[in-house]
Asker: 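Sharing a structure with you now.
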Amino acid sequence: MKILVCISSVPDTTSKINFTADKSAFDKTGIQWVINPLDEFALTKAIKLQESQGATVTVLNVGEAITEPVIRKALAIGANDAVRINTEPKDSYSVAKEIANVAQTGGYDMILCGKESIDYNGGSAPGMVAQLLGQPFVNACVGLEVNGAEATAVREIEGGKETISVKLPAVIAGQKGMVDEKDLIIPNMRGIMSARSKPLQVLEASSSEVKVEGVSYDSVPQRAAVKMVSADNLDELVRLLHEEAKVI
Amino acid sequence: MAIFVYAENINGIYKKAAFEAVSYAKAIADQAGDTVTAITVNPTDSSDLLYKYGATNVIKIKDDGLKNFSAKAYAQAVNEVANGNTLVFPHTTDASSIAPMLAIMKDFSLITNVLEAPESLSPFQVKRRAFSGKGFMHAKADAAGVIVTVSQNAYGVKENAVSGSEEVKELSVANEDTKVVSHEQSSGKLDLKEAEIVVSAGRGMKGPENWGMIEDLAELLGAATACSKPVSDIGWRPHSEHVGQTGKAISPNLYIAVGISGAIQHLAGVNSSKTIVVVNSDAEAPFFKSADYGVVGDAFKIIPELTQKIKALKG
């Protein structure tokens with residue numbers, strides 16, 4: 001079985017998000033980059049399938065050379081090889097087109113990714129890839145097993161869960177719960193050393209077409225100063241919530 | 001040309017997110033001097049509920065093949081009946097699975113997680129959530145048509161009654177790639193993303209056995225319960241309750257955080273809440289800086305007492 005895992009390189013979750021002075025772009029100054037946490041759940045699941053079923057795992061990133069440390073980390077976690085499409089990702093559509101191109105030529109049985117990236121939160125690329133490839137798409141997965149030419153996926157639905165069987169090849173977008181947080185793989189020295197010699201193929205982008213443009217960005221406005229209420233005076237809190245905020 | 005909106009239902013019953021999406025579509029239609037056509041799959045609810053928010057036409061897709069959800073099959077079905085160049089979806093799990101597939105079918109732009117009515121229609125430009133709630137993006141669509149998904153609890157539900165009519169479309173879309181094995185719906189449990197009040201707790205609760213008081217307060221307020229990341233990681237509460245950067249992003253009217261210190265990743269997922277109350281024994285907890293109201297003290301004393309006082313208020 002061949003699995004393609006698509007990863008994004010995103011600002012570390014502890015990053016404060018700032019924009020350039022003219023608000024036209026995200027300010028990357030001082031940012032540490034990590035594998036998108038939701039993609040990491042998918043990658044870990046793929047490595048588990050590699051161990052249990054002998055799958056080969058290729059990681060794919062659409063990004064400029066600055067993303068290579070993140071790709072090497074994915075290789076250190078256990079992916080067999082990697083592909084980087086050498087272009088700045090502009091929107092979900094252009095990224096999905098590049099992923100679909102690689103998937104089409106590679107003959108993968110399953111494409112795994114996170115359900116969205118924690119930077120631009122489009123949540124669009126996985127579904128677009130599925131449609132471009134004419135494959136079924138299962139989103140927001142919190143469980144996945146593979147049985148031959150079929151996968152059994154558990155997807156989160158509002159107020160519950162649904163277990164479905166899906167014919168492969170398919171695109172599966174995962175999230176927290178696809179594997180437990182404690183099962184996420186921290187690369188060891190052997191993994192880090194071996195990642196250096198694993199193949200990382202760099203390909204040029206096939207097109208530059210975009211459909212959505214980020215025109216400008218805003219930070220979250222500051223709230224007014226907090227009103228502290230004494231723990232001995234909860235009547236006052238109830239009054240504030242009822243009369244001032246009008247939320248109860 | 002009409003504005004189309006996908007009115008999501010669960011087991012035939014419209015979700016609040018569907019009414020928000022119809023309200024949003026009506027705002028676009030009013031800007032454009034146009035009308036709203038709602039599309040819904042196998043509903044049992046009356047179309048009157050959609051006219052109330054501004055849908056002039058309701059297309060009811062009837063298809064036994066769509067009894068179970070499949071993103072691909074639903075996208076095909078919606079594609080068959082949606083003829084407009086503007087389509088509105090709620091940003092629910094199902095709708096945001098359909099929308100990207102439809103965007104490719106129609107060769108349209110897709111802008112997800114939108115928060116406000118469009119800033120302009122030509123070109124289509126709108127404010128959307130980005131960086132997991134740590135920022136906003138003003139996005140412009142560059143294609144001939146646009147699909148948007150509306151972030152839940154952001155635009156709100158706005159009554160705007162019109163007189164409408166419905167049309168039934170019998171379809172038979174092939175749905176062979178996926179098959180539902182089992183479906184578990186927690187009955188009576190409020191959907192976290194739709195809830196107007198959320199009561200959330202963290203490690204300060206000391207153990208899962210202490211969640212009763214959180215649930216009592218939530219029940220009294222008609223609220224959903226949520227938790228911080230460490231709590232779901234330890235397994236005290238299910239992953240589906242985790243709010244924050246790698247969990248769910250929510251925008252309730254009232255968010256009550258109990259025993260949560262307020263890490264930047266947690267704030268990312270909840271800082272769109274209109275009013276935030278923080279209860280924490282640590283006066284230095286960073287969450288107080290992002291709250292509207294704060295109480296320093298022992299949650300085990302404060303929460304039951306607060307519950308009693310709200311009960312008294314409600315009579």
Side-chain angles (χ1 to χ4, degrees), chain A residues 13-14 16-17 19 37-38 92 118-124 126-128 130-132 136-140 142 152 156-167 176-177 181 210-220 223 226-229 231 234-235 237-238 240-242 245 247-248, chain B residues 71-72 92-93 96-97 100-101 104-105 109-113 125 129-132 134-143 177-186 189 191 221 233 239-240 245-247 253-254 264-265 271 275 288 290-297 302 305-306 309-310 313:
Chain A
T13 59
T14 59
K16 285 197 171 169
I17 301 298
F19 301 109
L38 305 182
S92 301
I118 63 162
D119 50 5
Y120 292 93
N121 304 112
S124 316
M128 287 180 170
Q131 185 59 37
L132 288 165
F137 171 47
V138 186
N139 201 6
V142 292
T152 304
E156 190 176 293
I157 53 174
E158 277 78 11
K161 283 178 187 176
E162 192 171 79
T163 304
I164 57 178
S165 67
V166 53
K167 283 185 188 162
K176 188 179 175 183
E181 187 89 11
V210 295
K211 290 197 185 292
V212 175
E213 185 189 338
V215 177
S216 64
Y217 297 84
D218 296 327
S219 300
V220 176
R223 274 175 202 269
V226 60
K227 283 189 184 173
M228 297 305 290
V229 177
L234 293 177
D235 286 320
L237 178 62
V238 173
L240 287 167
L241 293 176
H242 183 60
V247 286
I248 59 170
Chain B
K72 192 175 164 188
T92 57
T93 302
S96 55
S97 307
M101 303 191 93
I104 295 296
M105 288 176 187
S109 295
L110 171 62
I111 304 179
T112 58
N113 259 316
Q125 187 172 312
R129 189 193 304 275
F131 297 95
S132 301
K134 294 175 179 174
F136 304 107
M137 175 190 194
H138 298 266
K140 188 175 85 174
D142 283 339
D177 297 327
T178 56
K179 197 170 79 191
V180 172
V181 178
S182 68
H183 186 101
E184 300 165 39
Q185 194 93 37
S186 322
K189 204 164 178 217
D191 180 4
L221 290 169
D233 287 350
H239 294 311
S240 56
Q245 195 162 9
T246 53
N253 285 334
L254 172 60
I264 189 168
Q265 298 97 325
N271 63 12
T275 300
F288 285 119
S290 305
D292 297 287
Y293 305 107
V295 185
V296 177
I302 291 169
E305 197 182 324
L306 181 63
K309 289 189 185 296
I310 293 173
L313 173 81

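The chains referred to below are lettered A, B, ... by the order of the sequence lines, with proteins before strands, and numbering in each begins at 1.
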Asker: Can you name the closest pair of heavy atoms from B/Val295 and A/Met228 and give their distance?
Answerer: N-CE, 4.2 Å
Asker: Nearest 0.5 Å please: distance from the CG atom of B/Asp142 over to the NZ atom of A/Lys211.
Answerer: 9.0 Å
Asker: Tell me, do A/Met128 and B/Leu110 make a side-chain contact under 4.5 Å, heavy atoms counted?
Answerer: yes
Asker: Ignoring hydrogens, what is the shortest heavy-atom contact between B/Ser132 and A/Ile118? Give both atom names and the distance.
Answerer: OG-O, 3.0 Å
Asker: Minimum heavy-atom separation for A/Ser124 to B/Thr112, with atom names?
Answerer: OG-CG2, 3.5 Å
Asker: Looking only at side chains, do A/Asn139 and B/Thr93 share a donor and an acceptor under 3.5 Å apart?
Answerer: no
Asker: First locate atom OG of A/Ser219, then atom NZ of B/Lys134, and finally report the distance between them rounded to the nearest 0.5 Å.
Answerer: 12.0 Å
Asker: How would you list, by chain and number, every residue that makes a side chain to side chain contact (heavy atoms under 4.5 Å, CB included) with B/Glu184, sequence neighbours excluded?
Answerer: none
Asker: For each of A/Ser216, A/Ala231, A/Gly123, tally heavy-atom pairs with chain B at distances under 4.5 Å, and name the one with the top tally.
Answerer: A/Ser216
Asker: Highest number of heavy-atom pairs under 4.5 Å with chain B: which of A/Leu237, A/Ile17, A/Val166, A/Leu132?
Answerer: A/Ile17
Asker: Keeping the roles fixed (side chain from B/Arg129, backbone from A/Tyr120), state whether a donor-acceptor pair exists under 3.5 Å.
Answerer: no
Asker: Return the CG to CG distance between B/Leu313 and A/Leu241, rounded to the nearest 0.5 Å.
Answerer: 9.5 Å
Asker: Taking every heavy-atom pair that is under 4.5 Å apart, which of A/Val210, A/Asp235, A/Thr152 has the most such pairs with chain B?
Answerer: A/Asp235
Asker: Can you list the steps and then say if A/Lys16 with B/Ile264 is a side chain to side chain contact (heavy atoms under 4.5 Å, CB included)?
Answerer: CA-CA 8 Å; A/Lys16 285 197 171 169; B/Ile264 189 168; 3.9 Å; yes
Asker: Rounded to the nearest 0.5 Å, how far apart are CD of A/Glu181 and CG of B/Asp233?
Answerer: 4.0 Å
Asker: Taking side chain as C-beta onward, heavy atoms only, is B/Thr92 less than 4.5 Å from A/Glu158?
Answerer: yes
Asker: Could you check which of A/Thr163, A/Val215, A/Ile164 has the highest count of heavy-atom pairs closer than 4.5 Å to chain B?
Answerer: A/Thr163
Asker: Just by distance, no angles: are the side chains of A/Thr13 and B/Gln265 close enough, under 3.5 Å, to form a donor-acceptor pair?
Answerer: yes
Asker: Backbone N or O of A/Glu162 within a donor-acceptor pair of the B/Gln185 side chain at under 3.5 Å?
Answerer: no
Asker: List the atom of A/Ile157, the atom of B/His183, and the distance in Å for their closest heavy-atom pair.
Answerer: CD1-CE1, 3.4 Å
Asker: Say whether, by atom type as modelled, one donor and one acceptor occur between the side chain of A/Asn121 and the main chain of B/Phe131 under 3.5 angstrom.
Answerer: yes
Asker: What closest approach, in Å, do B/His138 and A/Tyr217 show between heavy atoms, and which atom pair accounts for it?
Answerer: CD2-N, 4.4 Å
Asker: Looking at B/Thr178 and A/Ser165, would you say the former's side chain and the latter's main chain have a donor-acceptor pair under 3.5 Å?
Answerer: no
Asker: Distance check, rounded to the nearest 0.5 Å: A/Glu213 atom CD versus B/Met137 atom CE?
Answerer: 8.5 Å
Asker: Look at B/Ala130, B/Ala139, B/Ser182 and state which one has the largest set of heavy-atom pairs under 4.5 Å with chain A.
Answerer: B/Ser182
Asker: At what distance, to the nearest 0.5 angstrom, does NZ of A/Lys161 lie from OG of B/Ser240?
Answerer: 7.0 Å
Asker: Between B/Asp191 and chain A, which part of the residue has a heavy atom less than 4.5 Å away: side chain, backbone, both or neither?
Answerer: side chain
Asker: Can you say whether A/Leu234 sits under 4.5 Å from chain B via the side chain, the backbone, both, or neither, judging by heavy atoms?
Answerer: both
Asker: State whether the side chain of A/Arg223 and the backbone N or O of B/Ala291 hold a donor-acceptor pair below 3.5 Å, judged by distance alone.
Answerer: no
Asker: What residue in B/Glu305, B/Lys140, B/Lys72, B/Met105 has the most heavy-atom pairs under 4.5 Å with chain A?
Answerer: B/Lys140
Asker: Test of understanding: with side chain to side chain contact (heavy atoms under 4.5 Å, CB included), list the residues that count as partners of B/Ala71, not counting sequence neighbours.
Answerer: A/Phe137, B/Phe69, B/Ser97, B/Met101
Asker: Which atom names give the shortest non-hydrogen contact between A/Val226 and B/Tyr293, and what distance separates them?
Answerer: CG2-C, 3.8 Å
